[in-house]
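What follows is one structure encoded as structure tokens, with my remarks underneath.
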Amino acid sequence: MENNMKKVYAICEKALHSGNLSKEEIILLLQCPEEQSDIIFQTADAVRKKEVGDQVHLRGLIEFSNYCKKNCEYCGIRGKNKSIDRYRLSQEEILQTAIRAESLGYRSVVMQSGEDPFFTAEILADMISTIKSHTDLAITLSAGEFSYDEYKIIKEAGADRYLLRFETSSEELYQKLHPDSDFHQRIKCLHILEELGYQVGSGFMVGLPGETPEILADNLLLLQKLDLDMAGIGPFLPNSDTNLAGAQGGTLINSLKAVAIARLLLRNAHIPATTAMGSLDPKGREKALQAGANVVMPNVTPEEFREMYQLYPNKICLRDDPAHCRKCITGKIQGLGRTVSTEHGHSLKIDRI
Ligand code: SAH
Ligand code: SF4
């Protein structure tokens with residue numbers, strides 16, 4: 001054990017200057033005992049400071065539809081879940097929500113939904129160009145898988161970024177959890193998005209049933225291989241409306257380590273302190289911000305719809321209005337000695353914009 005800690009220190013020392021970590025080194029970091037893990041978080045925090053500075057970028061999250069044709073095993077809004085009410089915001093509600101977010105000081109919004117057949121590429125394009133013509137917001141879309149031509153239509157309407165997590169790097173585990181998706185298709189979508197000029201975000205859940213330390217290390221290496229602009233990592237939180245209700249779920253410590261190692265590997269990518277992290281622990285997002293993260297995505301969805309968009313249980317800030325959330329999160333960020341960015345928070349990878 002003594003010997004392993006020496007190795008952890010040496011890996012951290014090396015990671016201050018280089019993101020070239022081997023799978024074995026990543027596994028050693030993942031297996032470092034919780035009470036000795038601070039060195040990993042401090043190293044990730046130092047790399048974060050050097051690579052992306054002290055500014056925290058806020059993205060207002062607009063959950064515009066909870067209809068979904070897919071049935072990912074872990075997800076509370078999977079199509080076959082008959083115990084939730086479904087909603088879809090109108091174009092006007094979406095526009096007003098985006099305008100409100102901008103008036104609260106957001107420079108960027110993330111539009112997220114299930115795979116809702118109503119929102120075709122043409123309708124999404126129309127939604128995005130409408131928001132673009134009324135605001136100066138940077139727009140990220142996170143609405144699942146489309147074809148090359150569909151992603152192209154959406155990009156040409158003005159979308160800046162796209163979020164599509166690969167969820168796990170294990171093809172076998174992916175196929176088990178996604179009865180109606182294909183791992184290679186998911187990865188192909190990420191390549192298409194990059195080719196079309198989107199700033200691309202992907203990521204995974206920590207602690208999916210069947211995940212091993214090797215898979216978790218491969219997840220992190222896949223983030224690096226994809227050379228992403230953004231990487232979203234959060235714990236898997238078992239949802240009682242799914243077949244995985246009785247599963248264990250991801251832990252905060254493993255999620256924090258994954259965020260920290262992602263920072264060591266990806267250097268200047270944008271890495272959110274995810275809402276799922278905050279749902280697992282009241283200080284989860286602050287801890288992530290001190291372990292490599294530099295983005296927070298507060299919910300700006302109109303309050304009456306939030307309860308229906310529960311991918312996982314105990315979602316935070318269900319009843320807080322967007323103005324309150326904005327103030328609350330600013331206080332938390334400043335409390336950590338950091339500042340809220342007043343810029344769009346585009347990718348820092350120079351070849352992307
Ligand atoms: N439908 C789109 C976007 C919405 S889902 C898509 O699937 O890409 C957004 C993310 O929520 C998913 O990528 C998944 O990583 C996460 N998620 C879903 N169910 C979850 C759960 N039970 N616990 C934690 N995260 C979950
Ligand atoms: Fe639908 Fe996304 Fe949930 Fe899968 S993760 S069921 S695609 S909303």
Side-chain angles (χ1 to χ4, degrees), residues 59 61-82 84 86-88 110-119 124 140-146 151 154 161-169 173-183 185-187 189-190 193 198 200-209 211 219 222-223 228 230-252 254-255 258-259 272-281 284 297 299 301 306 308-316:
R59 328 285 200 203
L61 179 65
I62 305 176
E63 299 156 336
F64 63 93
S65 165
N66 74 345
Y67 282 88
C68 190
K69 65 177 187 216
K70 287 204 170 159
N71 284 289
C72 308
E73 294 291 351
Y74 41 79
C75 182
I77 66 169
R78 64 204 297 273
K80 285 189 183 146
N81 182 8
K82 299 290 173 228
I84 55 166
R86 303 277 169 177
Y87 73 93
R88 187 178 278 142
V110 176
M111 320 275 320
Q112 196 180 74
S113 70
E115 290 204 10
D116 179 352
F118 172 86
F119 283 101
L124 289 169
T140 305
L141 191 64
S142 174
E145 294 175 31
F146 287 93
Y151 280 137
I154 297 167
R161 312 175 185 146
Y162 207 97
L163 292 181
L164 187 77
R165 288 182 173 181
F166 55 75
E167 317 295 1
T168 175
S169 59
L173 185 54
Y174 188 92
Q175 294 312 148
K176 258 192 207 149
L177 295 171
H178 302 91
D180 31 28
S181 306
D182 175 70
F183 179 73
Q185 186 55 35
R186 193 86 175 167
I187 300 293
C189 285
L190 291 169
L193 289 163
Y198 284 91
V200 184
S202 191
F204 56 85
M205 280 173 277
V206 174
L208 283 171
E211 180 203 270
N219 290 350
L222 182 54
L223 290 180
L228 297 165
M230 309 169 276
I233 298 168
F236 157 59
L237 301 170
N239 190 310
S240 56
D241 280 346
T242 66
N243 290 333
L244 298 178
Q248 274 265 294
T251 61
L252 184 71
N254 285 348
S255 307
V259 165
T274 51
T275 310
M277 220 74 132
S279 299
L280 196 55
D281 177 302
M297 294 161 55
N299 201 330
T301 310
R306 290 190 199 177
M308 291 183 262
Y309 198 91
Q310 294 209 56
L311 309 172
Y312 48 78
N314 303 321
K315 188 179 168 194
I316 50 172

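Whatever order the structure lists ligands and atoms in, that order sets their numbers, starting from 1.
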Residue selection (non-hydrogen contact nearest [atom]) among [options]:
atom	options	value
atom 9 (C) of ligand 1	Q112, K70, R165, Q310	Q112
atom 3 (C) of ligand 1	G144, S113, A143	S113
atom 5 (S) of ligand 2	G114, S113, C75	C75
atom 22 (N) of ligand 1	L237, N239, D241	L237
atom 19 (N) of ligand 1	Y309, F204, F236, Y74	Y74

Checklist entry - If you count the non-hydrogen atoms of other residues, nucleotides and ligands that lie under 6.0 Å from CD in Q248, is the total more than 12? => result no
Next on the checklist: Take a 6.0 Å sphere around CG of D182 and say whether it holds more than 12 heavy atoms from other residues, nucleotides or ligands.
Outcome noted: yes
Item to check | Considering all heavy atoms, the nearest E115-C68 contact | outcome: N-SG, 3.2 Å
Checklist entry - P313 and L237: which non-hydrogen atoms are nearest, and at how many Å? => result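 What the structure gives for the nearest pair is CD-O, 3.7 Å.
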Main-chain N/O of [Y] paired to [X] side chain as donor or acceptor, under 3.5 Å:
X	Y	answer
S65	S113	no
N243	E73	no
N81	T242	no
N66	Y87	yes

Checklist entry - What atoms in ligand 2 come closer than 4.0 Å to a heavy atom of C68? => result 1 (Fe), 6 (S), 7 (S), 8 (S)
Next on the checklist: I'd like to check which ligand 2 atoms, numbered from 1 as shown, lie under 4.0 Å from a non-hydrogen atom of I77.
Outcome noted: 8 (S)
What's the shortest distance from [atom] to any protein heavy atom, and which residue and atom give it?
atom	value
atom 11 (O) of ligand 1	L311 CD1, 3.3 Å
atom 17 (N) of ligand 1	M205 SD, 4.0 Å
atom 12 (C) of ligand 1	E167 OE2, 3.3 Å

Checklist entry - What are the atoms of ligand 1, with element, lying closer than 4.0 Å to any heavy atom of C75? => result 19 (N)
Checklist entry - Can you list the atoms of ligand 1 that are under 4.0 Å from a heavy atom of P235? => result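 Taking each heavy atom of P235 in turn, ligand 1 has 23 (N), 24 (C) under 4.0 Å.
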Next on the checklist: Any nitrogen or oxygen of R186, side chain or backbone, less than 3.5 Å from one on ligand 1?
Outcome noted: yes
Next on the checklist: Side chain or backbone, does S142 bring an N or O within less than 3.5 Å of an N or O on ligand 1?
Outcome noted: no
Item to check | Pair R306 + E63, salt bridge at N-O below 4.0 Å | outcome: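 So R306 does not pair with E63 through a salt bridge.
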Checklist entry - Distance below 4.0 Å between atom 2 (Fe) of ligand 2 and any protein heavy atom? => result no
Checklist entry - Which is it for Y162 and Y151 under the ring pair (Phe, Tyr, Trp, His ring centres under 6.0 Å) test, yes or no, and what are the steps along the way? => result CA-CA 9 Å; Y162 207 97; Y151 280 137; 5.1 Å; yes
Next on the checklist: atom 1 (Fe) of ligand 2 and C72: any N/O/S contact shorter than 2.8 Å?
Outcome noted: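 No.
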